[in-house]
Visitor: 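Sending over a structure as structure tokens; questions will come in a sec.
Quantities reported herein were computed from a predicted structural model and do not represent experimental measurements. Atom set for the values below is all heavy atoms of this structure, side chains included, hydrogens, waters and symmetry mates excluded. Numbering starts at 1 and runs along the sequence shown.
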Amino acid sequence: MTPPQVSAAPARPRLAVTMGDPAGIGPEITAAALAGVRARDADLFVVGDAARLRQAARLLGLTVAVETVETVESAEGPGAGAEGAVRVLQTGGPTDHLPFGQVSADAGRASYGYVETAVRLALDGRLDGIVTAPIHKEAWHAAGIAHPDHTSTLAALTGAPRHAMMLANDELRTVLVTTHLPLAKALTEITAERVLGIVQLAHDELRALGITSPRIAVAGVNPHAGEGGLFGDEEALAIRPAVEAARAAGIDASGPHPPDTVFMRARRGEFDIVVAQYHDQGLIPVKLLGIEEGVNATLGLPFVRTSVDHGTAFDLAGTGRADAGSLRYAIRSALDLVRARRGRSGGRAR
């Protein structure tokens with residue numbers, strides 16, 4: 001008789017939190033967020049540096065223990081806090097000697113290593129998701145890392161053929177056609193093929209989360225969505241053809257909508273998500289509703305990935321005054337996404 005197959009997937013969601021740039025607020029918000037977690041139905045641990053996390057905990061006046069673990073499996077158990085320790089998979093050397101608030105190649109190299117390690121574990125099936133604290137793009141550049149941000153790094157490391165950045169909170173979702181590009185270059189990247197790909201990806205991801213027929217609004221790029229070509233032709237050349245192609249494929253997409261009103265309409269419940277054409281167009285509305293309740297998620301990956309919707313805040317690093325609200329929200333959102341994917345697939349969220 002053939003023995004039954006035993007799944008390696010944990011019974012409870014298993015998430016890794018990457019610590020972010022050691023010189024930024026990542027260590028402090030990571031220590032604060034996990035010290036306050038009571039995740040009895042999930043396993044959480046940090047990929048980072050235990051020494052820097054202990055230093056951050058002291059800055060915050062936290063009494064929580066910070067313990068290193070050898071494997072992700074040894075991090076299983078009730079969440080950190082008064083009843084347990086913040087568990088750390090030590091990656092690279094100690095970083096507690098690095099000054100807070102300063103760009104350095106050492107900090108960039110360390111934070112990239114945290115992401116790379118977490119991705120490898122997720123691709124090996126040992127994680128359901130990754131939650132990332134902020135990295136510093138200049139530090140990555142100083143370290144010789146080619147990728148400009150988390151999103152492009154995750155896409156490259158996973159080989160994801162389609163990917164996109166989604167920003168969301170309880171009131172609004174937006175997904176970006178272009179991300180970290182100068183505005184003049186971003187405009188040249190808005191093509192019908194690219195817009196259509198983002199619309200299709202948003203449709204598929206929202207369906208995977210249980211929204212049967214996602215209502216997708218596509219924002220224009222120019223004032224009044226171009227006003228019939230008076231204020232620009234991106235709508236006519238790229239955005240409208242993409243919307244028409246999406247609708248022909250059975251997707252409930254509409255647009256191009258005037259950018260100055262479409263986010264308000266989505267917040268009122270008219271749409272499930274807005275496709276924004278460039279970085280600030282999509283991020284400003286979400287962040288205006290509150291950074292502490294916003295989450296950055298990468299669509300199109302083989303695992304869940306969420307992140308804070310703010311940067312390294314070098315002006316606050318090392319002061320103990322950084323707010324961990326966005327990281328807590330990102331952790332909760334990751335757990336919700338894992339459970340939603342499991343529910344749709346009847347098993348684990350892969």
Visitor: Check the angle between the aromatic planes of His180 and His279 and answer parallel, tilted or perpendicular using the 30° and 60° thresholds.
Guide: tilted

Visitor: Within the side chain of Arg207, is there an N or O that forms a donor-acceptor pair under 3.5 Å with the backbone of Pro214?
Guide: no

Visitor: Can a donor-acceptor pair be found, under 3.5 Å and without considering hydrogens, that links the side chain of Thr174 to the backbone of Leu167?
Guide: no

Visitor: Would a distance-only check, ignoring hydrogens and angles, find a side-chain to backbone donor-acceptor pair under 3.5 Å from Glu235 to Gly255?
Guide: no

Visitor: For residues Val88 and Leu59: do they belong to one hydrophobic cluster (side chain heavy atoms under 4.5 Å, members Ile, Leu, Val, Met, Phe, Trp, Tyr)?
Guide: no

Visitor: Measuring from Asp233:CG to Asn222:CG, what's the distance to the nearest 0.5 Å?
Guide: 8.0 Å

Visitor: With side chain to side chain contact (heavy atoms under 4.5 Å, CB included) as the criterion, how do His310 and Asp323 come out once you've worked through the C-alpha distance, each side chain's angles and the decisive distance to 0.1 Å?
Guide: CA-CA 11 Å; His310 59 72; Asp323 189 337; over 6 Å; no

Visitor: Does one hydrophobic cluster hold both Ile331 and Val69, with members joined at side-chain heavy-atom distances below 4.5 Å?
Guide: yes

Visitor: Are Ser111 and Thr18 side-chain neighbours, meaning at least one heavy-atom pair lies under 4.5 Å?
Guide: no

Visitor: So how far is it from Arg12 CZ to Asp43 CG, rounded to the nearest 0.5 Å?
Guide: 4.0 Å

Visitor: Can you check whether Gln55 reaches Pro27 side chain to side chain, under 4.5 Å on heavy atoms?
Guide: no

Visitor: Does any N or O in the side chain of Glu138 come within less than 3.5 Å of the main-chain N or O of Trp140, such that one atom is a donor and the other an acceptor?
Guide: no

Visitor: With a 4.5 Å cut-off on side-chain heavy-atom distances among I, L, V, M, F, W and Y, is there a chain of contacts connecting Leu335 to Val304?
Guide: yes

Visitor: Answer yes or no: is there a side-chain heavy-atom contact under 4.5 Å between Met166 and Glu205?
Guide: no

Visitor: Minimum heavy-atom separation for Thr306 and Ala330, please, with both atom names.
Guide: OG1-O, 2.9 Å

Visitor: Rounded to the nearest 0.5 Å, how far apart are CG of Asp309 and CG of Leu327?
Guide: 11.0 Å

Visitor: Applying the side chain to side chain contact (heavy atoms under 4.5 Å, CB included) test to Arg305, which of Val115, Asn296, Val131 qualifies?
Guide: Asn296

Visitor: Hydrophobic cluster membership, with links at side-chain heavy-atom distances under 4.5 Å among I/L/V/M/F/W/Y: are Leu183 and Ile239 in one?
Guide: yes

Visitor: When rounded to the nearest 0.5 angstrom, what is the spacing between CG in Leu206 and CD1 in Ile273?
Guide: 5.0 Å

Visitor: Between atom CG of Leu60 and atom CZ of Arg321, what is the distance when rounded to the nearest 0.5 Å?
Guide: 12.0 Å

Visitor: On a heavy-atom basis, which atom in Gly311 and which in Ile25 lie closest, and how many Å separate them?
Guide: O-CD1, 3.9 Å

Visitor: Locate the shortest heavy-atom distance separating Pro22 from Ala107; write the atom from each residue and the value.
Guide: CD-O, 3.5 Å

Visitor: Which atoms form the tightest heavy-atom contact between Phe271 and Ser254, and what is the distance?
Guide: CE2-OG, 3.7 Å

Visitor: Rounded to the nearest 0.5 Å, how far does OG1 of Thr158 lie from CZ of Phe303?
Guide: 6.0 Å

Visitor: Evaluate the side-chain hydrogen bond (donor to acceptor under 3.5 Å, both in side chains) criterion for residues Thr95 and Asp49: first the C-alpha distance (whole Å), next the side-chain angles of each, then the deciding distance (0.1 Å), finally the verdict.
Guide: CA-CA 7 Å; Thr95 58; Asp49 172 32; 2.8 Å; yes

Visitor: Using modelled atom types only, decide if a donor and an acceptor are shared between the side chain of Thr91 and the backbone of Val47 within a distance under 3.5 Å.
Guide: no

Visitor: Is there a side-chain contact between Thr30 and Val86 in this structure, where contact means two heavy atoms from C-beta onward sitting under 4.5 Å apart?
Guide: no

Visitor: If we ignore hydrogens and angles and just use 3.5 Å, is the side chain of Gln277 paired with the main-chain N or O of Ala219 as donor and acceptor?
Guide: yes

Visitor: Could Asp106 and Arg109 be called an ion pair, given the rule that one side-chain N must be under 4.0 Å from one carboxylate O?
Guide: yes

Visitor: Could you tell me whether the side chain of Ser307 and the main chain of Pro134 form a donor-acceptor pair under 3.5 Å?
Guide: no

Visitor: Counting only heavy atoms not in His141 (residues, nucleotides, ligands), do more than 12 fall under 6.0 Å from its NE2?
Guide: no

Visitor: Output, in order, the C-alpha distance, side-chain angles, deciding distance and verdict of side chain to side chain contact (heavy atoms under 4.5 Å, CB included) for His257 and Val274.
Guide: CA-CA 10 Å; His257 295 283; Val274 177; over 6 Å; no

Visitor: Heavy-atom distance under 4.5 Å between the side chains of Leu53 and Leu34, does that happen here?
Guide: no

Visitor: Taking all atoms of both residues into account, what is the closest heavy-atom pair of Gln281 and Gly220, and its distance?
Guide: NE2-O, 2.8 Å

Visitor: Please confirm whether the backbone N or O of Arg126 pairs with a side-chain atom of Asp124, one donor and one acceptor, at under 3.5 Å?
Guide: no

Visitor: Apply side chain to side chain contact (heavy atoms under 4.5 Å, CB included) to the pair Arg120 and Thr117, showing each step before the final yes or no.
Guide: CA-CA 5 Å; Arg120 185 177 67 251; Thr117 296; 3.8 Å; yes

Visitor: Classify the ring geometry between Phe231 and His224 as parallel (under 30°), tilted (30 to 60°) or perpendicular (over 60°).
Guide: tilted

Visitor: Taking Thr191 for its side chain and Arg194 for its backbone only, find out whether a donor-acceptor pair lies under 3.5 Å.
Guide: yes

Visitor: With a 4.5 Å cut-off on side-chain heavy atoms, are Ile284 and Phe263 touching?
Guide: no

Visitor: Taking all non-hydrogen atoms of both residues, which atom of Arg267 and which atom of Leu172 are closest, and how far apart?
Guide: N-CD1, 4.1 Å

Visitor: If you group Ile, Leu, Val, Met, Phe, Trp and Tyr by side-chain heavy-atom gaps below 4.5 Å, do Leu196 and Tyr278 land in one group?
Guide: no

Visitor: Check whether any side-chain heavy atom of Val119 lies under 4.5 Å from a side-chain heavy atom of Glu116, and answer yes or no.
Guide: no

Visitor: Would you say the side-chain atoms of Thr188 pair up with the backbone N or O of Lys185, donor to acceptor, closer than 3.5 Å?
Guide: yes

Visitor: If you apply the rule side chain to side chain contact (heavy atoms under 4.5 Å, CB included), what do you find for His150 with Thr153, and how did you get there?
Guide: CA-CA 5 Å; His150 271 126; Thr153 298; 5.7 Å; no

Visitor: Set out, in order, the CA-CA distance, both residues' side-chain angles and the distance that settles salt bridge (Lys or Arg N to Asp or Glu O under 4.0 Å) for Arg52 and Glu28, then state yes or no.
Guide: CA-CA 9 Å; Arg52 192 59 147 187; Glu28 293 163 80; over 6 Å; no

Visitor: Could you tell me whether Arg14 sits above the aromatic face of Phe45, with NZ or CZ closer than 6.0 angstrom to the six-membered ring centre and within 45 degrees of the axis?
Guide: no

